[in-house]
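Taking it in order: structure first as structure tokens, then the write-up.
Within every chain, numbering begins at 1; the chains are lettered A, B, ... in the order of the sequence lines, protein sequences first and strands thereafter. In what follows, every heavy atom counts, from backbone to side chain, and hydrogens, waters and symmetry copies are set aside.
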Amino acid sequence: MSHENVEIVRAAFKAFEEDDMEAVLRFCDENIEITQAPELLGASPTQHGHAGVLEAFAIWPDLWDDYRVEIVRLIDVGEYVMAWTINRGRGKDSGVPVEMPFAFVFSVRAGKIVQWRLFMREEQALKAVGLEE
Amino acid sequence: MSQENVALLRAAYDGWNAGKGFDPELLTPDVEFIQPEIGDTEYHGREGVARGIGELTGVFDDVCAEPEDFFVAGPHVVVFVRLKGVARGSGIGLELPLAHLFRFRGKQVDLWHTYPDRNEALKAVGLEE
């Protein structure tokens with residue numbers, strides 16, 4: 001089941017990469033809860049449901065041109081799936097390239113992502129799932 | 001000498017945060033500047049530093065670098081910095097704990113390297129938290 005969960009998360013990232021938001025939403029539970037990285041200020045710290053998924057993408061990815069997410073590692077950690085990613089984009093006005101690491105912690109239940117938490121530092125994500133380096 | 005370097009850096013951060021820019025006189029003419037997550041990532045000379053900072057402020061408004069801790073290792077000073085900014089045009093702020101590693105040649109900096117991972121900066125100068 002854990003491997004299956006990893007593949008669900010991988011497929012959701014692929015759908016995002018292909019700009020297929022309908023497919024992204026199909027991988028998300030109707031009651032999904034999203035928690036933003038604590039370093040992100042001025043945005044609601046949590047979003048809920050499919051509308052919340054779209055809201056979450058508008059908070060950060062939509063700020064940039066050519067936004068892309070590269071998965072560095074994707075692993076199952078018991079009830080969670082963790083993803084270490086490099087997020088790249090360009091400033092909309094400046095065109096300046098920006099590269100940000102984000103760690104994601106997902107909970108998957110019955111084939112759907114029910115919880116999605118973002119962290120800007122790997123150690124925060126590890127702590128969130130009870131692992132410390 | 002090392003505490004003198006810390007004092008020079010404190011003054012440079014104060015100036016930067018007051019909107020005066022990072023004092024170019026603190027930098028050697030051949031200074032190397034590395035900021036891995038933004039822009040061209042590697043810059044050379046005082047103009048390069050100005051360009052690199054310009055690229056940072058090109059994507060973030062109200063940039064502020066608050067120094068939190070200073071660690072001295074010979075000619076190096078590692079500064080734990082809290083970098084704040086607002087993604088341009090969004091109102092979405094970002095507050096990142098980073099490290100700046102400075103290497104002094106005399107009373108000037110000839111290397112300024114930003115590390116997203118603070119521990120990596122300490123390791124780079126033989127210190128570990």
A:L41 vs B:V86, side chain to side chain contact (heavy atoms under 4.5 Å, CB included): CA-CA, chis, key distance, verdict: CA-CA 8 Å; A:L41 310 173; B:V86 177; over 6 Å; no

Ionic contact status for B:E120 with B:K123, cut-off 4.0 Å: yes

Exercise: do A:E33 and A:H48 side chains pair donor with acceptor under 3.5 Å: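 Checked: A:E33/A:H48 side chains pair up, N/O donor to acceptor below 3.5 Å.
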
Between B:L94, B:I38, B:L56, the one whose heavy-atom pairs under 4.5 Å with chain A are most numerous: B:L94

Residue among A:P97, A:G42, A:P38, A:S94 with most heavy-atom pairs under 4.5 Å to chain B: A:P97

Toward chain B, the part of A:I59 with a non-hydrogen atom under 4.5 Å: both

Per-residue contact mode, A:L40 against chain B (heavy atom under 4.5 angstrom):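 Contact with chain B involves both backbone and side-chain atoms of A:L40.
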
Residue that, paired with B:F104, satisfies side-chain contact (heavy atoms from CB on, under 4.5 Å) out of B:D110, B:V77, B:T28: B:V77

